[in-house]
Amino acid sequence: MNIFKKRMEIVDYNDAALVMASLGGNRAAFSEIVTRYQNLLCSLAYSSVGDLKHSEDIAQEAFVEAWKKLDTLFFR
């Protein structure tokens with residue numbers, strides 16, 4: 001299977017499925033989570049700190065922390 005086809009399949013996953021795939025070690029799935037929420041997270045951080053570079057750093061740190069603690073999530 002080529003990489004483009006894999007990417008298309010991941011894009012179709014809902015967030016819960018992406019988290020589950022990420023927990024299974026699928027880095028492309030976590031990358032899709034980042035892609036989906038990066039702009040939102042940067043915008044929220046920017047509204048708090050008022051500095052673009054700092055808001056990007058905050059968002060990056062949040063995603064790194066999310067990756068590290070992904071296994072602590074639970075779904076109802």
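A quick note: this is a predicted structure, and the numbers were derived from the prediction, not measured. If you read the sequence from its start, that first residue is 1, and numbering goes on from there.
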If you look only at distance, which donor and acceptor atoms sit under 3.5 Å apart when one is on a side chain in residues 42-50 and the other is two or more places apart or in another chain?
unit_1: S43; atom_1: OG; unit_2: N39; atom_2: O; d: 2.9
unit_1: S47; atom_1: OG; unit_2: L44; atom_2: O; d: 2.7
unit_1: S48; atom_1: OG; unit_2: L44; atom_2: O; d: 3.4

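The CD atom of E56 sits 9.0 Å away from atom CG of D51, with the distance rounded to the nearest 0.5 Å. Here the CG atom belonging to L41 is positioned 5.0 Å from the CZ atom belonging to F63, to the nearest 0.5 angstrom.
Residue-environment remark: CD (Q60) stays at or below the threshold of 12 foreign heavy atoms within 6.0 Å.
Listed by chain and number, the residues in a salt bridge (Lys or Arg N to Asp or Glu O under 4.0 Å) with K68 amount to none (sequence neighbours excluded). Partners of D71 under the side-chain contact (heavy atoms from CB on, under 4.5 Å) rule, at least two apart in sequence or in another chain, are L23. Shown here are the salt bridge (Lys or Arg N to Asp or Glu O under 4.0 Å) partners of D57, two or more places apart in sequence or in another chain: K53.
Among residue pairs with one or both ends in residues 24-45, those qualifying as ring-ring contact (aromatic ring centres under 6.0 Å, His included) are F30-W67; sequence neighbours excluded. For residues 34-45, the pairs satisfying salt bridge (charged side-chain N to carboxylate O under 4.0 Å, His left out) are D15-R36, E32-R36, with sequence neighbours left out.
Under the 4.5 Å side-chain heavy-atom criterion for Ile, Leu, Val, Met, Phe, Trp and Tyr, V64 and V19 are members of distinct hydrophobic clusters.
Inter-residue side-chain proximity for I10 and N26 is flagged as met; some heavy-atom pair is nearer than 4.5 Å.
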